[in-house]
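Notes to accompany the following structure.
For clarity, every value in this text was computed on a predicted model and none was experimentally measured. Naming convention: chains lettered A, B, ... in sequence-line order (proteins, then strands); numbering from 1 in each chain.
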There are 2 protein chains.
Amino acid sequence: MIYVNLRQLRFLVAIHEERSFTAAARRVNATQSGLSMQIKELEERLGLRLFDRSSTGVTPTTAGDRLYERATRILREVSAIENDVQTLSGQVSGRVQVGMMPTFARAVLAPVLERFARHYPNVEIKVTEAYSAVLCEAVTNGQLDMAVVPSGKMVPGLKAEHLATDVEVFVTSPNTKRKHLEPVDLSKCKPLKLALPGPGNARREKIDTYLETYQVPIDSIMELDTMMATLDLVSRSDWTTILPGCLCLPDIDDPRRKLHPVINPPLVVDYVFIEPASQSKTQAAELFAEEIVKEIRTTCTFCNSKLGAGDSVSG
Amino acid sequence: MIYVNLRQLRFLVAIHEERSFTAAARRVNATQSGLSMQIKELEERLGLRLFDRSSTGVTPTTAGDRLYERATRILREVSAIENDVQTLSGQVSGRVQVGMMPTFARAVLAPVLERFARHYPNVEIKVTEAYSAVLCEAVTNGQLDMAVVPSGKMVPGLKAEHLATDVEVFVTSPNTKRKHLEPVDLSKCKPLKLALPGPGNARREKIDTYLETYQVPIDSIMELDTMMATLDLVSRSDWTTILPGCLCLPDIDDPRRKLHPVINPPLVVDYVFIEPASQSKTQAAELFAEEIVKEIRTTCTFCNSKLGAGDSVSG
DNA sequence: TAAGGATATCAGTAATAATGATAACATTCA
DNA sequence: TGAATGTTATCATTATTACTGATATCCTTA
């Protein structure tokens, strides 16, 4: 009566996301051979093909796509059962592993951590700061429960929720003519010396597109994947950078730098919350997520009011 | 990472509904011993007790109840996977097994069967006419895909949906002074000789309550679990009966009987649609269900307009 | 106190899944 | 063209897991 089992669904999901039996086997700590046999079994039971095989990997059939959708839902519910256990056991405890893009390390994370640790002393918290690609990967293979990243191309196996839209801010040293917080039209600047995150970074791609589209004159570009160094560089030279509003908020009045919301048109960054598609959050994770989401939303609202270039940003 | 498996959930559901390992084992074609071990395993993995055992059976703990809810949902989704297969395979086919209370055998069932068979020639249909207890049982243990029964005490393991409310009609032979279709207040009648379905029948219980509550004078009661015989008896004697409006509709103008909506207060019967809680309908079943539901609703509406005793019925 | 019915346990057996090596095939690149 | 690499499928073996049937134990009831 019941053909499919959860192991098969877990395999199916992994294969669907990895587009490969071999890679999927690695991910679920099994052998390629085992997956092959299980999927074969499933296909025979159901009487239809789930994947088209080739020597370069596999592509899901229509049926495979359909089953993938159902399987992720089912697995999420099953994992919810396991999370229930802790909920039922009374106090909130466990371990929450969160990934954060560097933007939030200062303005957002600290207050949340403080509040959360005070409310739920029995929850172990682990926060990893990294760029989006790394975080997506880590969430996908279960090393992290969730992460907040700038929106970019969607990775399979993840469930994403839009959090907020933030302004990007043009940052320069104090030795310029512009007034602090005065909006800037980058395409009308003289050629820029820009320190930007390396290619592959989700924000970088969006910034590149912007620079090209609006023909912003560039003198030269330096790749810096470190916020601290970037800020330091900018404050002591004629190099400039573009940073998310939330990141600039804590030292909005720091005399070492001038901030200029980018306008005509506004350059923005979208933050998204990601979690595994086929797993449900533990209660602790759920509570932490709530806190962090709330904090990011209010911070972004505040950010827009302080740094935003009028109404055009919020849309 | 994944502790529970579908077999365990299936066992859990059966045990929860049967309140017994032994009975559940029978239902799922397994041994008591096997269930015992699987549930033990599950409990140990989750670290909490799901059932309190006694020598008379088991009662679910809070956790057991919680898991039961989740498990039924999960199993329903899993069974949906299997139903998808047929949907994906193109044409609608398969086998639909439906239970019907006798009320609908005539007025409702025939047109639905005709329409459905014409639209979906590849679907095998099997209809069973029986009383609610039998039908509930059959749906629970999977012999039927669904059934329509009068509402009564809920059986665990079933998902129910209210379909419509129908008037009960007092039926007599032509040899009375009342006008055909004239409403009747049973408590003002002279003592009745009533042919009613046997105890255990869901409608019977409701009728009994009504008769007691409103002190309807009774001469004597005969138990007849056969509609045909009942109608025949009533038309050729001074025995009377109470029947659902839908049942009377086909021969509303038959001179062999007089029909009288029961008022002060109206006596009604609720029809509910039942299906297994932890299984999803096949596409064929889904389509058949739609048809039958539609037909019953329109028939009841029509019934109320023809036989209904004013507004008080519809609430 | 005995009988009946419930669950738990245990050891043996049956069924199922994973493994590791290999085969077959396609792609890439020299 | 041919070797190297990387893919999935298959197979026999091993390991794991689940089921069975008998029995033990406990509780309720007569």
N/O (side chain, A:K40) to phosphate O (OP1/OP2, D:dT10) under 4.0 Å: yes
D:dA22, C:dA21, C:dA17: which one has an atom nearest the side-chain heavy atoms of A:Q38? C:dA17
Starting at CZ of B:F21 and ending at C1' of D:dT25, how long is that distance when rounded to a whole Å? 15 Å
How close or far is atom C1' of C:dT16 from atom CD of A:Q8, stated in whole angstroms? 11 Å
Rounded to the nearest Å, what distance is computed from the OH atom of residue B:Y3 to the P atom of nucleotide D:dT17? 14 Å
Which whole-number value in Å describes the distance from B:H16 NE2 to C:dT7 C1'? 18 Å
B:E41 has an atom CD; how far is it from atom C1' of D:dC19, in whole Å? 13 Å
I'd like to check B:E82 versus A:Y3 (side-chain heavy atoms, cut-off strictly below 4.5 Å). Are they in contact? yes
Please list, in numerical order, the residues of residues 50-64 of chain A that have a heavy atom closer than 4.0 Å to any atom of DNA chain C. A:S55, A:T56
Side-chain contact check for A:M37: nearest option of D:dC19, C:dT19, D:dA9 is C:dT19
Residue B:Q32, side-chain atoms from C-beta onward, closest of C:dA6, C:dC10, C:dA8: C:dA8
Run the salt-bridge test on A:K281 and A:D145 with the 4.0 Å N-O cut-off and return the result as yes or no. no
Is B:V148 close to B:V98 at the side-chain level, that is, under 4.5 Å between some pair of heavy atoms? no
Inspect the contact between B:E41 and B:R45 and indicate whether a charged nitrogen and a carboxylate oxygen are less than 4.0 angstrom apart. yes
Given the rule in the side chain to side chain contact (heavy atoms under 4.5 Å, CB included) test, do B:L12 and B:Q8 qualify, once you have shown the distances and angles that lead to the verdict? CA-CA 6 Å; B:L12 175 120; B:Q8 289 168 338; over 6 Å; no
Length of the CZ-P vector between A:R45 and C:dT16, whole Å: 8 Å
With the side chain of A:R7 defined as its heavy atoms from C-beta on, choose the nearest nucleotide among C:dA18, D:dT10, D:dT20. C:dA18
With a 4.0 Å cut-off on N to O distance, would you call A:E18 and A:R26 a salt bridge? no
A:S20 side-chain proximity, nearest of C:dA21, C:dT7, D:dT8: D:dT8
Is the centre of the A:F104 ring less than 6.0 Å from the centre of the A:Y271 ring? yes
Separation of D:dT8 atom P from A:E43 atom CD, nearest Å, is 13 Å
Any N or O donor-acceptor pair linking the side chain of A:S33 to the base of C:dG20 at under 3.5 Å? yes
Tell me whether the OP1 or OP2 atom of C:dA17 has a side-chain N or O from A:N5 closer than 4.0 Å. yes
Euclidean distance, atom CD1 of residue B:I39 to atom P of C:dA6 [Å, nearest integer]: 17 Å
